[in-house]
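For reference, the structure is listed below as structure tokens.
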2 protein chains.
Amino acid sequence: MLHTPGIMRAKKAPTADLTVLERLRTAGLRPTRQRLALAKLLFAQGHRHVTAEGLFNEAKEHRVDVSLATVYNALHDFTEKALLREISIDSSRSYFDTNVGDHYHFYFEQSGRLQDIPAERIALANLPEPPDGVVARVDVIIRVKD
Amino acid sequence: MLHTPGIMRAKKAPTADLTVLERLRTAGLRPTRQRLALAKLLFAQGHRHVTAEGLFNEAKEHRVDVSLATVYNALHDFTEKALLREISIDSSRSYFDTNVGDHYHFYFEQSGRLQDIPAERIALANLPEPPDGVVARVDVIIRVKD
DNA sequence: ACCTTAATTTATAATGATTCTAAACTGCTT
DNA sequence: AAGCAGTTTAGAATCATTATAAATTAAGGT
Ligand SMILES: [Mn+2]
Ligand SMILES: [Mn+2]
Ligand SMILES: [Zn+2]
Ligand SMILES: [Zn+2]
């Protein structure tokens with residue numbers, strides 16, 4: 001007996017899906033259909049830098065039915081739970097980075113693309129202490145005219 | 001014979017004004033009333049970090065009659081001529097910096113304030129070369145939760 | 001001073017990314 | 001199965017910024 005497409009879709013998820021589901025649960029986020037689909041797009045392959053609009057379009061290409069508002073909600077929810085980090089590079093839009101570890105960036109102004117630079121590739125010495133408060137993050141952005 | 005207020009305003013400008021006027025001319029920008037007034041606000045005292053809205057309000061306080069569109073135009077014209085530099089820190093708005101030399105920043109997230117860090121205060125070694133293109137600028141932003 | 005012209009200013013509308021609203025829906029616990 | 005807080009969503013609203021196009025002005029030549 002052949003299984004129907006409908007049943008196939010509901011079948012127990014393969015490893016990658018389970019991982020994503022666990023990630024959401026661990027973060028305290030309900031693994032809804034929308035979040036699971038977006039998380040799969042975001043975390044399936046290596047590290048990525050996406051915009052809300054970009055992820056929204058990617059979802060459409062993959063026949064993931066999700067609203068733009070939900071993409072924004074998910075990106076922010078993921079960021080709050082440290083599954084993503086937000087990067088301000090261009091005042092016109094926000095980027096979200098699936099690499100939440102310590103690292104820096106090349107920013108290619110022409111294309112708007114971001115590329116990771118591992119933390120150990122740059123020696124940042126003598127970082128001054130702020131006069132008040134605590135350092136939340138140190139951003140290094142090498143802007144490239146390409 | 002006493003001079004009228006109208007004539008007083010048209011009188012030869014004091015040193016500070018001349019400097020600003022020369023700066024605009026040297027940059028190839030017509031020293032209009034609006035640009036002169038904004039440049040005076042920007043460059044009169046030490047280095048500053050302003051937003052368009054902030055400068056617009058400051059102009060109002062100083063009875064400088066100028067439109068918001070002109071503030072944006074001037075900030076961008078000044079930036080093109082390297083009298084200012086634009087800083088992207090927060091995706092919601094742009095900052096303009098009167099310090100166009102090599103330096104870095106503290107960003108106080110609570111207040112939205114920026115503070116300069118002289119270039120020599122941070123040792124940036126082993127900066128990797130971009131795969132393509134030429135480095136336009138290296139931004140270092142220390143984000144402080146205050 | 002007067003002309004001419006291109007640059008500049010400005011009120012106003014438009015844009016575009018992001019956020020808000022409030023109603024419908026759904027995952028999870030009991 | 002029921003209840004409910006959490007989530008999704010269409011659509012409206014927001015807000016910084018940019019575009020438009022008409023009025024003004026700086027600069028140079030006469
Ligand atoms: Mn794909
Ligand atoms: Mn003042
Ligand atoms: Zn990254
Ligand atoms: Zn600065």
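The analysis underlying the following values was restricted to heavy atoms, covering all of them including side chains, and did not include hydrogens, waters or symmetry mates. Letters go in sequence order (proteins before strands), and every chain restarts at 1.
The side chain of B:Arg25 lies closest to D:dA27, out of D:dA27, C:dT8, C:dT19. Distance from the side chain of B:Thr32 is smallest to D:dA26 among C:dT19, D:dT7, D:dA26. Of the listed nucleotides (C:dC20, D:dT17, C:dT18), D:dT17 has the atom at the smallest distance from the side chain of B:Leu68. Residue A:Ser67 places its side chain closer to D:dT9 than to any other of D:dT18, D:dT9, C:dT8. Listed nucleotides C:dT9, D:dA27, C:dG27 differ in distance to A:Pro31; the shortest reach to its side chain belongs to C:dG27.
Atom CG in B:Asn73 sits about 11 Å away from atom C1' in C:dA7, given to the nearest Å. In this structure, B:Arg30 places its CZ atom 4 Å from C1' of D:dA26, rounding to the nearest Å. Atom P of nucleotide D:dT14 and atom CD of B:Glu53 are separated by 16 Å, given to the nearest angstrom. Atom-to-atom, CG of A:Asp90 to P of D:dT17 comes out at 12 Å; the value is rounded to the nearest Å. Per the geometry, CG belonging to B:Leu36 stands 13 Å off C1' belonging to D:dT25, to the nearest Å.
Within 6.0 Å of atom CZ in A:Arg137, more than 12 heavy atoms from other residues, nucleotides or ligands are found, so the atom counts as buried in its surroundings.
Between B:Arg93 and D:dC15 there is no side-chain polar atom (N or O) within less than 4.0 angstrom of OP1 or OP2. Between A:Tyr72 and C:dT18 there is a side-chain N or O to OP1 or OP2 distance below 4.0 Å. Of the side-chain N and O atoms in B:Gln34, one or more sit less than 4.0 angstrom from OP1 or OP2 of C:dT10. Proximity of B:Thr70 to the phosphate of C:dT10: a side-chain N or O atom is located under 4.0 Å from OP1 or OP2. Contact annotation: A:His76 side-chain N/O to C:dT19 OP1/OP2 distance is under 4.0 Å.
Among the candidates A:Arg63, A:Arg48, A:Lys40, the single residue satisfying the salt bridge (charged side-chain N to carboxylate O under 4.0 Å, His left out) test with A:Glu58 is A:Arg48.
Checked for salt-bridge contact, A:Asp146 and A:Arg113 miss the test: no charged N lies under 4.0 Å from a carboxylate O.
There is no side-chain donor-acceptor pair under 3.5 Å between B:Asp139 and B:His105. Residues B:His49 and B:Asn99 bring no donor and acceptor atom of their side chains to less than 3.5 Å of each other.
Position along DNA chain D of the nearest nucleotide to B:Arg33 versus B:Thr51 favours B:Thr51 as the more 5'-ward residue.
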